[in-house]
Amino acid sequence: MGLPPQPRSAVKAIPLSDYKTPFTDYSRWRLKDDHGRQTWHYLSVEEAKKWKQSTADKYFLGLDTEQPDLPPPKTPLDVAKNGLEFFSKLQLPGGNWACDYSGPMFQLAGFVMCWYATETPFPEAWASEMIRYLCNRAHPEDGGWGLHTEGETSVFGTTINYTTLRLLGMEPDHPVATKARQTLHKLGGALGVPHWGKAWLAMIGCFEWEGMNPIPPELWLLPEWLPLHPYRWWIHTRAVYLPMSYIWSKRYSRPLNPLTRALRTELFTQPYSSIPFAAHRNTVAAADIYHPHTTILNIFNTVCTFWGKYLLPTRLKTWAEEYAYSLVVREDENTLYVNLGPVNNPLQMLCRYIAEGADSPAVKGHLDRLEDYLWVNEDGMLMNGTNGVQIWDTSFAIQAMVECGFSQDPKYRKMLTAAHEFLDDQQISEDISDAVQKCYRQKRKGAWAFSTRDQGYTVSDCTAEALKAVVQLQSLSKFPSLVSTQRMRDAVDVLLSLRNPSGGFASYENVRGTKLLEWFNAAEVFGRIMIEYEYPECTTAVITALVYFRKVDTSYRSEEVERTIKRAVDWIRTVQRADGSWEGSWGICFSYAMMFALESLSLVGENYSNSESVRRACAFLVGKQMTDGGWGESYMSCVKGTWIDHERSQVVNTAWCLIALMNAGYDGREVLQRGIDLLKSRQQANGEWLQEGIEGVFNRSCMITYPNYKFIFPIKAMGMFAKQFGNEKLWS
Ligand SMILES: CC(C)=CCC[C@@H](C)[C@H]1CC[C@@]2(C)C3=C(CC[C@]12C)[C@@]1(C)CC[C@H](O)C(C)(C)[C@@H]1CC3
């Protein structure tokens with residue numbers, strides 16, 4: 001400690017196992033919260049004296065939080081109180097919560113490669129800690145990386161993270177680099193890197209653009225009624241391919257320099273100049289493929305390659321580039337450079353750099369806002385999956401406290417008031433003037449996003465959970481009416497705008513495309529990314545929110561609300577599996593979706609005593625209880641689409657299953673109490689629960705952490721148990 005950031009050459013000789021000691025002085029990092037904008041700052045020694053490190057900073061950095069031992073809990077609410085005692089220390093001044101939102105192992109790489117492509121130097125403290133993070137995440141046996149932290153070594157993960165380390169300053173003969181390179185070569189080298197990897201490498205001059213399947217911006221000029229039009233794609237897919245298509249069309253590569261020349265020799269198993277790149281458009285390492293190319297995609301790619309090479313008129317190409325670029329600019333303007341997510345953001349920056357140059361306000365705006373995605377944990381610096389989890393986690397934290405009956409308790413008033421004010425501040429108050437027509441955006445006035453208002457993207461269940469939290473506080477717990485009735489109605493308008501003909505709800509938008517679009521999924525590493533799908537979690541969250549809203553406002557669009565609830569419940573029934581379960585898409589996995597499904601069914605009056613479908617669901621869950629009383633689901637549940645036990649019970653899965661069963665009105669007290677005992681037994685003396693397995697997922701194959709869940713859901717489960725059975729003394 002006390003060291004300045006280590007010069008990158010100093011990281012030279014450290015072996016893979018020794019990256020636990022920070023390269024920077026961890027007592028000098030601070031997390032700043034500006035209306036939910038969370039950014040990490042590395043202070044000078046002088047600055048650090050004036051700006052004290054908070055408990056939250058220390059916790060996130062893996063330093064000792066010095067929280068005292070609390071009186072041993074005797075009742076479920078004691079456990080909840082102790083949990084909250086700790087969790088309250090993690091609340092940021094703006095009333096929201098933050099977290100290390102890691103898991104995917106491709107975001108930092110995308111960020112570093114795009115940043116490098118813009119010829120911008122990296123701040124020293126970042127570079128050192130990013131290097132350390134990647135060293136800490138390398139698999140101990142083979143030194144490679146996978147798609148996500150739990151995944152097996154892949155060509156994708158290893159190619160892009162090896163490249164990242166080198167761009168950040170690691171020498172090629174460093175033991176970490178040597179080991180990773182050997183593994184990469186054993187896997188056939190970077191020629192087999194999937195599509196996005198090829199694109200990123202091409203941007204820094206380490207892959208030839210002709211070796212990539214095309215991403216023609218001309219697609220944006222197709223008539224919108226065509227099923228293939230990008231506006232019908234899932235929002236994240238189109239947001240990534242939009243800037244990528246512009247860069248692809250421009251064939252932009254950073255001019256070569258000694259480092260990228262060296263990388264050209266390190267990444268491949270054969271001399272770079274001897275590689276016939278055009279023949280390798282479809283070369284993808286077998287182990288990397290989650291979603292193989294379809295014949296139709298291969299034909300499409302061949303046609304597009306031919307079209308681009310021989311037929312595309314220059315004027316049309318320019319027009320397409322200009323149109324795509326105009327959408328890139330709008331995305332920046334509409335989100336104040338935060339952008340939809342961590343992959344499109346750096347790509348957007350590179351587009352602005354290509355078109356407007358390094359000194360343009362746009363590139364500067366990007367360089368500034370990219371910081372919102374960076375995070376520092378005990379292992380180093382990484383890129384978060386979004387610019388935070390602010391609204392989402394704050395909504396759930398409020399709901400958990402309400403469930404415990406703490407909204408009436410003066411002790412929690414300050415924490416809840418700050419959280420309430422945060423949600424009030426973060427509701428999106430207006431639509432983007434020309435956005436709906438020209439950027440293909442969903443209605444957003446009245447919505448809440450997942451992270452912040454600045455990011456500004458409607459998400460169905462984020463709107464629903466925030467609305468539920470607001471109703472719970474304002475109408476059912478007599479908190480001041482910060483969010484007016486009109487604004488709640490705006491939120492309901494958003495939810496109703498998201499209805500689909502099936503009755504189910506998707507994530508950001510209505511389902512706009514046909515499932516057949518999946519034939520054109522070119523990303524290779526993810527499944528189900530081409531269109532929006534209806535999800536049990538999103539659908540049930542909407543049902544729940546509408547039921548809550550209806551409790552306080554019976555008149556607004558009442559028939560539509562009624563019909564929407566009914567149709568959504570019908571949809572939920574259609575996707576319940578024969579074994580009684582629901583499969584999750586955003587959390588791991590069945591336990592997550594079932595928690596939401598059984599809550600909404602209970603709110604429409606279906607429970608264990610009167611519904612066969614609820615009874616089947618309960619039997620499923622009870623059947624999964626482990627011998628220690630807990631539940632545990634492996635992330636492989638999501639990959640395989642069938643419940644797979646974790647090797648050990650998990651606090652978060654246990655809480656989800658308990659909440660699900662209690663919502664269902666399941667009457668087996670013993671089953672529930674064994675789960676409650678397990679949660680209590682895992683709580684530390686200071687009220688904390690320790691991090692266990694990864695909690696979240698997206699696109700079926702990529703895992704992502706939700707570290708606050710281990711506080712929020714056990715607290716909620718305790719509150720519900722106390723409500724259902726009385727807050728009796730259970731432990732001496
Ligand atoms: C394939 C690409 C572009 C990768 C970048 C990562 C994003 C796509 C991921 C990271 C976090 C992520 C899983 C998220 C979601 C969508 C996809 C995200 C944004 C949503 C908003 C979908 C709806 C969900 O119910 C929930 C709100 C939990 C999540 C939150 C995180």
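The residues of the chain are indexed from 1 along the displayed sequence. Order of appearance sets the numbers: ligands from 1, and atoms from 1 within every ligand.
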- Query: Residues in ring pair (Phe, Tyr, Trp, His ring centres under 6.0 Å) with F698, at least two apart?
  - Reply: none
- Message: If we count only N and O atoms by modelled type, under 3.5 Å, do the side chains of D393 and N96 hold a donor and an acceptor together?
- Response: no
- Query: Y133: what forms a ring pair (Phe, Tyr, Trp, His ring centres under 6.0 Å) with it, not counting sequence neighbours?
  - Reply: none
- Who are the salt bridge (charged side-chain N to carboxylate O under 4.0 Å, His left out) partners of D372, not counting sequence neighbours? R37, R369
- side chain to side chain contact (heavy atoms under 4.5 Å, CB included) between M203 and L347, worked out: CA-CA 10 Å; M203 291 169 205; L347 290 166; 3.5 Å; yes
Using a cut-off of under 3.5 Å, which N/O atoms of ligand 1 pair up with protein N/O atoms, and what distance separates each pair?
{"from": "ligand 1", "atom 1": "25 (O)", "to": "D461", "atom 2": "OD1", "distance (Å)": "3.4"}
{"from": "ligand 1", "atom 1": "25 (O)", "to": "D461", "atom 2": "OD2", "distance (Å)": "2.3"}

- Query: Quick one: which of T153, V193, D288 gives a side chain to side chain contact (heavy atoms under 4.5 Å, CB included) with T158?
  - Reply: T153
